[in-house]
Amino acid sequence: MNNRSSRTQNDRKGRLISLFLIGLLFFNFPMLGIFGKEDKWGSIPGLFIYIAVVWIGLVLAVYWVMRDISGRPDKTPPP
Amino acid sequence: MNPLYIILALIGYVGLLFLIAFYADQRATRGASLVRNPLIYALSLAVYCTVWTFYGSVGRAAEAGVGFLPIYLGPALFAPLWWIVLRKIILISKNQRITSVVDFLSSRYGKSTWLGVLGTVVVVVGIIPYISIQLKAIAFSFQHLTHSGRVPGPVVEDLPFFLDPGLYVAVALALFSILFGTRNLDPNERHEGLVAAIAFESIFKLVAFLTVGIFVTFGLYKGFGDLFQQAWKLEEIHSLLDLKQVGITSMDWFWLMLLSLFAVLLLPRQFHLAVVENTSTDHIGRAAWIFPLYLFLINIFVLPIAFAGKMLIPPALAEPDMFMVDLPLMNGQGYLGLLAVLGGFSAGTGMVIVSTIGLSIMISNNVVVPLLLRTSTVREGWVDDLSKRLLGIRRLSIAIVLLVAYAYFKWIGRQYTLVSVGLISFAAVAQFAPAIFIGLYWKRATRIGAMVGLSLGFLIWFYTLLLPTLAEVHFMGVHIVENGPWGISWLRPDALFGLKGMNNITHAAFWSLLLNTGGVVLVSLYTSQRTLEISQADLFVEIYKYQTGVSDYDVIRRRASLQDVTLLLNRFLGEPRAGSLLQSYSRRYGKDLSKEKMADPDLINFAETHLAGAIGAASAKLIMRSIAKEDPISLEEMFRILEQTQEIIRYSRELEHKSAELVQTTHQLRQANERLKELDRLKADFITTVTHELRTPITSIKALSKILQENPGLPPEQRDEFLGILVSESERISRLINQVLDLEKTAVDRAEWKVEPVELNKLIQHSASGFRQYLEEKQIQLRLELPDAPVWVSGSEDPLTQVFVNLISNALKFCDAGKGIIRVGLEPGEDRVVAYVADNGIGIDPKDQQTIFGQFVQVSNNELGKPTGSGLGLYISKRIIERYGGRIWVESEPGRGATFFVALSPATPG
């Protein structure tokens, strides 16, 4: 493995770990406690919107970090 | 709805599953795999969503609002880390042909048999209730469908078993699992049909859930806004959105997330699909975001459906776990209700099929085979081909697991909600987390540490979670739960050591994982590892190292006869497969096995790994031990390894040394090159200056001669003047040439310079005498201040004479005619003799005092006009004096004359 690819490997690992930690922060108290039952956007509960947005954000971020891992269907059978 | 339709639909669905599985298997044999792509991989992981998700989430949401969510947030959060953790687990598992999560554990800790048995017990006890709730939910949903939302008839559990749909479901699932999950002995050979069917079920249940969700949200209401608007009006629903009012603490939330985070990898079905059936680690790249996206989609309608159920179904009839089926039925959507039931069916069957297959592999590989191997009668009575018998054991295990799960559902599981039973199972498999995750990164974790940790965790889990459920169905007295055993209140299962204020799952998870982790770490620190443990730990922790190359040497060397190894492979894997394995081995390593009598350690390792793929690491180790003699590494071998290592170290030191030398040489060469360049430049300068100095007089000689030649009638006085100039210019040239020759003389090798005692006062007198006529002409006084006794210095006569001639003629140049006084003297001393030549001329500017000893340096001065002389005299003098180890310098104040000093070493006359 040359330097460059090992560097991007380490970068990727760092990014993934940071995503995990950010998710851990946003999906836990006290962040969750910010939205009480009275908070709503339109008539939709604030908590519902908050969790959905963070969730989708996490999915997009992981997609972005992993976008160059090909994962194409492999034609060759494993040994 | 007519039960016949339902039965037909179910049979149709199961038929479709069989078809898909069959088709995928066919494709696999043709080499055109359907399932080797990241999408199918991610979908197969969605087997995580069981009836618990399909029915239970809605049920839980109806009671606790978003309280159902931590179970999905944990895995969604963990997904980014899969690229790091899951990838490592897969690489290890492919290298070691790991067959299950328990096999992984046993293999990491020295292929321990007892750890395998203990792990299997934990999993089986922990998972059977989980399987049973799937059966229960499926049976329950049929009943709801047949009663079309009216008041339900007799509870399913009370039906005689032959009328109970749960039984038939269990039988059908057992058949499917046996057909598609036990095709190959080695699970690493992959069950493509199984994976394809599971992926299909994942799509089906998602579509079913979304369809019901869209129907409820957009059919019964006018979208999310409208539904929530109406829900706000009911205080009962309104308060569900307040986490405090539904009784969810931050502790509960966190621990549920943590448990589910572990479960998504460690549950037998998850491990089986994520690791054992994985075909390429690259697939993780996409699964890491597709899987969380799937979880998001399947959860988005949970709250709306739960709220709608609470608003639309009268509380007397409301069974929140069945809102998914009841909501369409009560609104006259029979087929949608059927779709929901089929969706739930797909969620349940997927889980049951993969779990039973996973459990059957563990039971056969980690319990049955090792126990059989330990009884000698079986070992001696080995028949030809054990592979069929091993598959038989696995098929039997599947049937038994499903039967036990069905029995649990019939007798115990009836009064628990889907979620509460599921969480108990999560807490059970989470007990593997400390030993596995610590063992993945810390080599020192020992087998005994893992045993102690896992046992402690399992005991606490059993005591705090399982025991209370048994008490409630009167297997034992309720008083133990309420008051603690023997009335000791701090031993109460729901408030162990007096810890209160958490729900039972959080409480159990906290104590069991704390003691479990503490056990693994602390006991490991105080116990040692056996050889095999050390080598396995190294392989697990440093798997990336083993990916690129083989290990440097074997820690354990084993010998066995080739015949025994072949016999063993034939018996356990069947002759055709054993034959092809041995062939591939001899091809890969270029060894002709037909000529060998003994199997080398490599072949034994190869055979053991492939046996491990079929029967588990611990069993393979036991079997190999029966035929192979283990030579614990001998003293000589150890010395050889040490010597090799030392040699390598020495060699690298030498290399370092050599390269340092090389650097030094390069440095020296560079310096020498610089000096050469400098000399070259000086020489070029020198030649330029000399030719310039020569050209000036030659030009004037040429010009004057030409005038004389062309003008014969020049007045005599002018002609004399010209001739005078011609003579002096010629003298100047000859002087310059002489000096250049002198310089050349000083440049020759030191060895050719004679060093002899020279009488200095005599030498100075002699040098001065040459100037007598000139002094008289210019009326300059020359005073000699010499001692009477002879002063001897080391040097040689001619060069030293030249030095003093130079200095005196120099002094003469700067003295005014008529007023000039030059003093030349000598001061003898013990360790040096100093001679001086002083004048009272114009003196030398301090800035010039250093430079005047250089080549062709001529001090120019406005009063003096153009300097005379070549600019070489002082340079030559300096070279000469330095040749004799002496020193020359000048002291001067401008306007008050200059004094040149020459210091030489004294000598004794010889």
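Chain A is the first sequence line, chain B the second, and so forth, proteins listed ahead of strands; every chain is numbered from 1.
- For the options Leu58(A), Ile56(A), Val65(A), heavy-atom pairs under 4.5 Å to chain B are most numerous at Ile56(A).
- Side-chain atoms of Ser44(B) and Glu277(B) include no donor-acceptor pair closer than 3.5 Å.
- In this structure, chain A has no heavy atom under 4.5 Å from any part of Ser584(B).
- With sequence neighbours excluded, no residue forms a ring pair (Phe, Tyr, Trp, His ring centres under 6.0 Å) with Tyr294(B).
- Within the 4.5 angstrom heavy-atom criterion, only side-chain atoms of Leu81(B), from C-beta onward, approach chain A.
- Between Ile290(B) and Tyr63(A), every side-chain heavy-atom pair lies at or beyond the 4.5 Å cut-off.
- No side-chain donor from either of Thr53(B) and Tyr48(B) sits under 3.5 Å from a side-chain acceptor of the other.
- In this structure, chain A has a heavy atom under 4.5 Å from the side chain of Ile84(B), while its backbone stays farther away.
- Contact annotation for Ile44(A): both backbone and side-chain heavy atoms come within less than 4.5 Å of a heavy atom of chain B.
- Heavy-atom distances place no part of Leu258(B) under 4.5 Å from chain A, backbone and side chain included.
- Looking only at heavy-atom pairs under 4.5 Å with chain A, the residue among Asp226(B), Leu295(B), Leu240(B), Val66(B) that has the most is Leu295(B).
- With Phe48(A) as the partner, the ring-ring contact (aromatic ring centres under 6.0 Å, His included) test is satisfied by one option alone out of Phe307(B), Phe301(B), Phe228(B): Phe228(B).
- Residue Met257(B) touches chain A through its side chain alone, counting heavy-atom pairs closer than 4.5 Å.
- With chain B as the partner, the residue from Leu19(A), Asn28(A), Ile51(A) showing the most heavy-atom pairs under 4.5 Å is Asn28(A).
- Relative orientation of the His283(B) and Tyr41(B) rings is tilted, given thresholds of 30° and 60° on the angle between their planes.
- Side-chain N or O atoms of Lys94(B) include none that pairs as donor or acceptor with a backbone N or O of Thr279(B) at under 3.5 Å.
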